[in-house]
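First up is the structure itself, then whatever we jot down about it.
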Amino acid sequence: MSYKVEAVSEQKAVSYKLEAVSGVAGKHQPYSEYKESGVKWLGEIPVSWTMNKLSHAYDSIGSGTTPPSTEEKWYQGDIPWVTTGELRESVIYETSKCVSGEALTQFSVLRTYPAGSIVMAMYGATIGRVGILGVSATTNQACCVFPESKILNNKYLYYWLQAFREDIIRLSSGGGQPNINQEKVASLKVSAPSSEHQRTIAAFLDYETARIDALIAKQQRLIELLKEKRQAVISHAVTKGLNPNVPMKDSGVEWLGQVPAHWEVCRLKHHIISMEQGWSPQCEARLAEEGEYGVLKVGCVNGGVFRPQEHKALPGTISPKKEYSLKKGQLLISRANTRELVGSAAVVDQDYSNLLLCDKLYRLKFSEEVQPEFISYLLGSPLYRSQIELSASGASDSMQNIGQSSIRELPVALPPLKEVVDILSHMSSSLIKFNMLHEQLETQALLLSERRTALISAAVTGKIDVRGWQPPAEAEHAYS
């Protein structure tokens, strides 16, 4: 069975299950009577529900600290130490770092919290994200911890915090590094029914979100498969051609293997007319406005697609070097980036008189026999990516460099120009189909995430009444 048939069949199954998940909330009736919660963004809640400040519901709301990283002894223990990067709306059983018992003794604010405690991020990009401790653990200072409460069920609070993450974020302060302090967290008013009903809602959401999460995971697997297939189609076309029956020859390059017999095997340098890098003055962290110049960022070529919006505005006090403006058809290659991205290549899609080449990009001009788009696809193929990564050098994986000679000396097998045009045309039509399917998969994954959030919100605000809910006997097998 072809990948396309498999993908469509799989997609139909996911679509059917998406419809089933979407109808969950509609199966449950609302409560008979509601009242104002007193919190604008919370709205109405069932009459029998109460509003509880977290500071009243919990005897203590804790946090932690970060022992000095310069002293390894603090991290040579077996006590899990949670950071905000590990808060992913899931149960936490393991952490990337552990602290020692001595650290607990030396740092009074570093304390262990029991399994079942809720942890929420208070700083930065992860602000508002939550997790549940599956084991006893401690945390850093960017975490807010809710150990136990006689009023609120912790699993219920876990879902409540997910439902209102965006509203909680709006209470934060700070620009580039938003944060919400413990005082604001403690003042949050949580809508809640009786303890027994909280447990039922938590169990209902455990079951339903598990179904949705399984579908999201399946969508992500399909997306990864699609990416792999897309890459394989491109790689085969630019290294073997479109005719499966064409005579082959040894390229003379071990890693390149056999290529069509009529293709020219040479070093890329034999077709390069010019190769230069640009200019990187101190720019402003914003996009250039009309009448202004922008200097490209190295990420403008990531993924093999030219992204003109990846630039920074050139200050008006600096005169632009117009010789670095961009022309349609120019091939750009990143000379400095992470190991996975260094050597990324893309072709400029039109003239950009107001965008300038930066010094972390190479700009190449080729002889008439070579199409820049073909070279771009070639450099993005797994064969060439592995060679580029081997050629890269640098003190760390976060900043690798590749010299001009590494690009110039790359061996390539080039088809006749007419065949190149046919290959590019074939890939263009194939990529349109891949992109359409990819967009469909991404859209459904987004819909599933939205359904998940909406369902949680409906349950923890009493928009649906799940008091009589029982888990189906067949449980998970229909959604696995």
Hey, does [Y] have a side-chain heavy atom less than 4.5 Å from the side chain of [X]?
X	Y	value
Ile180	Tyr123	no
Cys266	Val412	yes
Glu442	Ile223	yes
Leu364	Ile407	yes
Cys143	Thr83	no
Glu369	Leu417	no
Met122	Asn179	no
Ile388	Ser406	no

Locate the shortest heavy-atom distance separating [X] from [Y]; write the atom from each residue and the value.
X	Y	result
Ser251	Val265	O-CG1, 3.5 Å
Val238	Met427	CG1-CE, 3.7 Å
Ser334	Ile402	O-CG2, 3.9 Å
Ile423	Gly241	CD1-CA, 4.3 Å
Asn401	Ala336	OD1-CB, 3.3 Å
Arg363	Ser325	NH1-O, 2.8 Å

Does [X] have any side chain to side chain donor-acceptor pair (under 3.5 Å) partners at least two apart in sequence or in another chain, and if so, which?
X	result
Asn302	none
Arg230	none
Gln220	none
Asp465	Arg467

- Non-neighbouring partners of Glu264 that pass salt bridge (Lys or Arg N to Asp or Glu O under 4.0 Å), sequence neighbours left out: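 Glu264 satisfies salt bridge (Lys or Arg N to Asp or Glu O under 4.0 Å) with no residue once adjacent residues are dropped.
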To the nearest 0.5 Å, what is the distance between [atom1] on [X] and [atom2] on [Y]?
X	Y	atom1	atom2	answer
Ser457	Tyr159	OG	OH	14.0 Å
Lys297	Asn337	NZ	CG	11.5 Å
Ser381	Ile234	OG	CD1	9.0 Å
Ile132	Glu89	CD1	CD	10.0 Å
Ser430	Lys229	OG	NZ	10.0 Å
Gln29	Ile464	CD	CD1	10.5 Å

Salt bridge present between [X] and [Y] (N-O < 4.0 angstrom):
X	Y	result
Arg211	Glu208	yes
Arg385	Glu389	yes
Glu224	Arg221	no

Look at the side chain of [X] and the backbone N and O of [Y], then say whether any donor-acceptor pair between them is shorter than 3.5 Å.
X	Y	result
Arg339	Ser393	no
Ser280	Asp359	yes
Arg267	Glu409	yes
Ser117	Val145	no
Thr126	Leu87	no
Ser235	Gln231	no
Gln330	Lys327	yes
Lys463	Glu44	yes
Gln219	Leu441	yes
Thr95	Lys97	yes

- Message: Is the ring pair Trp41/Phe164 parallel, tilted or perpendicular, if the boundaries are 30 and 60 degrees?
- Response: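 If you compare the ring of Trp41 with that of Phe164, the planes turn out tilted.
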- Query: Once the angle between the rings of Trp469 and Phe204 is folded into 0 to 90°, is it parallel (under 30°), tilted (30 to 60°) or perpendicular (over 60°)?
  - Reply: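 Ring orientation, 0 to 90° scale: perpendicular.
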Assess, by modelled atom type and distance only, whether the side chains of [X] and [Y] contain a donor and an acceptor separated by less than 3.5 Å.
X	Y	result
Trp160	Ser191	yes
Ser96	Glu86	yes
Arg452	Gln162	yes

- Verify side-chain contact (heavy atoms from CB on, under 4.5 Å) between Arg88 and Arg129, making sure each step is shown before the conclusion. CA-CA 6 Å; Arg88 290 293 181 265; Arg129 298 202 71 163; 3.5 Å; yes
Answer yes or no: does atom [atom1] of [X] have more than 12 heavy-atom neighbours from other residues, nucleotides or ligands under 6.0 Å?
X	atom1	result
Lys240	NZ	yes
Gln282	CD	no
Lys328	NZ	no
Gln350	CD	yes
Lys360	NZ	no
Glu323	CD	yes

- Item | side-chain contact (heavy atoms from CB on, under 4.5 Å) assessment of Leu383 paired with Leu378 | CA-CA 8 Å; Leu383 275 176; Leu378 200 65; over 6 Å; no
- Message: Per the ring-ring contact (aromatic ring centres under 6.0 Å, His included) rule, what does the pair list look like for residues 345-396, sequence neighbours excluded?
- Response: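 Residue pairs passing ring-ring contact (aromatic ring centres under 6.0 Å, His included), neighbours aside: Trp255-Tyr384, Phe306-Tyr352.
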- side-chain contact (heavy atoms from CB on, under 4.5 Å) assessment of Lys249 paired with Val259: CA-CA 6 Å; Lys249 68 179 180 183; Val259 298; 4.0 Å; yes
- Message: As a quick check of understanding, evaluate side-chain contact (heavy atoms from CB on, under 4.5 Å) for Arg408 and Leu268, giving each step before the final call.
- Response: CA-CA 5 Å; Arg408 289 178 177 274; Leu268 189 58; over 6 Å; no
